[in-house]
Engineer: 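Okay, here's the structure, questions in a sec.
Below, chains carry the letters A, B, ... as their sequence lines are ordered, and counting in each starts from 1. For clarity, every value in this text was computed on a predicted model and none was experimentally measured.
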Amino acid sequence: SQTIHQWPATLVQPVGSPLSLECTVEGTSNPNLYWYRQAAGRGLQLLFYSVGIGQISSEVPQNLSASRPQDRQFILSSKKLLLSDSGFYLCAWRLHYEQYFGPGTRLTVT
Amino acid sequence: KQEVTQIPAALSVPEGENLVLNCSFTDSAIYNLQWFRQDPGKGLTSLLLIQSSQREQTSGRLNASLDKSSGRSTLYIAASQPGDSATYLCAARGGGSQGNLIFGKGTKLSVKP
């Protein structure tokens, strides 16, 4: 069966510090991978998606970037965090029809 | 541009009641529609997926329907239980098989014992 992992589960970072969030999927090959952000009182916002290794599509301009160095690994990064980057970050994968989500990372920028 | 709306934003019911959560979308050319459940501080759990050619899907006490022509989907929960308390989100996929999900903001359900 397939599983999706995200780490860390929670993170508190000061403004201006770098960020690296990791997502890995097990039990499937060549999935579509997604990064979402969920801010308080707002819906799920799609940040990036990838249909293959090294291929990244950005949905909104922002302070973040994404990379897919391996088939089942998806990384969300920032060089300098802003207060507005705080939120709940969710990774997801899809192979055919149904989309599945990871447990999320709660990021607080102070 | 696809927009997904969920009404009501919050709902409180007594245990045992049957209830309906509503989801509407502006562009009827969807590929499929997916319902999720989210518990506080957790990721999303997929509940039901309805393909555009289907009218409904059932899983246990849950039944989801899809009416593309009217741009609506409903999630029916039978005999609600306190464990059903969570936020329920619907998401529509457009743009063919490679399209991305567009989410509603969810309905927060509270089932009182």
Engineer: Considering only heavy atoms, which portion of A:Q38 lies under 4.5 Å from any heavy atom of chain B: side chain, backbone, both, or neither?
Structural biologist: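 For A:Q38, side-chain heavy atoms alone lie under 4.5 Å from chain B.
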
Engineer: Answer whether the closest heavy-atom distance between the side chains of A:L44 and B:F36 falls below 4.5 Å.
Structural biologist: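 No, their side chains stay 4.5 Å or more apart.
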
Engineer: For the residue pair B:N100 and A:Y34, establish whether any side-chain heavy-atom pair is separated by less than 4.5 Å.
Structural biologist: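 Side chain of B:N100 against side chain of A:Y34, heavy atoms only: contact under 4.5 Å found.
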
Engineer: Can you tell which part of B:Q38 gets under 4.5 Å to a heavy atom of chain A, answering side chain, backbone, both or neither?
Structural biologist: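 For B:Q38, the side chain is the part near chain A, not the backbone.
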
Engineer: To the closest 0.5 Å, what do you measure between CG (A:L46) and CD1 (B:I102)?
Structural biologist: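 Rounded to the nearest 0.5 Å, the CG-CD1 separation comes to 7.5 Å.
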
Engineer: Top residue by heavy-atom pair count (under 4.5 Å) with chain B, among A:C91, A:P103, A:G104, A:A9?
Structural biologist: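 Of the options given, most contacts go to A:P103.
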
Engineer: Under a single-linkage definition using a 4.5 Å side-chain heavy-atom cutoff for Ile, Leu, Val, Met, Phe, Trp and Tyr, are A:L107 and A:F48 assigned to the same hydrophobic cluster?
Structural biologist: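 A:L107 and A:F48: one cluster.
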
Engineer: Quick check for you: to the nearest 0.5 Å, what is the distance between A:Y36 atom OH and B:L44 atom CG?
Structural biologist: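 Output value for this atom pair is 9.0 Å.
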
Engineer: Assigning hydrophobic clusters by single linkage (Ile, Leu, Val, Met, Phe, Trp, Tyr; side-chain heavy-atom cutoff under 4.5 Å), is A:L47 placed with A:I4?
Structural biologist: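 The answer is yes; both residues are in one hydrophobic cluster.
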
Engineer: Would a single hydrophobic cluster contain both B:V4 and B:W35, if residues Ile, Leu, Val, Met, Phe, Trp and Tyr are joined by side-chain heavy-atom contacts under 4.5 Å?
Structural biologist: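 The answer is yes; both residues are in one hydrophobic cluster.
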
Engineer: Please report the interatomic distance CZ(A:R94) to CD(B:Q34), rounded to the nearest 0.5 Å.
Structural biologist: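 Those atoms lie 9.5 Å apart.
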
Engineer: Report, in residue-number order, which members of residues 51-85 of chain B are under 4.5 Å from chain A by heavy-atom distance.
Structural biologist: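 Contacts with chain A: B:Q51.
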
Engineer: Hydrophobic clustering (ILVMFWY, side-chain heavy atoms < 4.5 Å, transitive) - are A:L64 and A:V12 grouped together?
Structural biologist: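 Different hydrophobic clusters.
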
Engineer: Of the listed residues (B:G41, B:G106, B:G104, B:A91), which shares the most heavy-atom pairs with chain A below a 4.5 Å separation?
Structural biologist: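 Counting heavy-atom pairs under 4.5 Å, the top option is B:G41.
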
Engineer: Starting from A:L33, can I reach A:L90 by hopping between I/L/V/M/F/W/Y residues whose side chains sit under 4.5 Å apart?
Structural biologist: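 Hydrophobic grouping puts A:L90 apart from A:L33.
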
Engineer: Please round to the nearest 0.5 Å and tell me the distance separating atom CD of A:Q99 and atom CG of B:N32.
Structural biologist: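 One finds 9.5 Å between CD of A:Q99 and CG of B:N32.
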
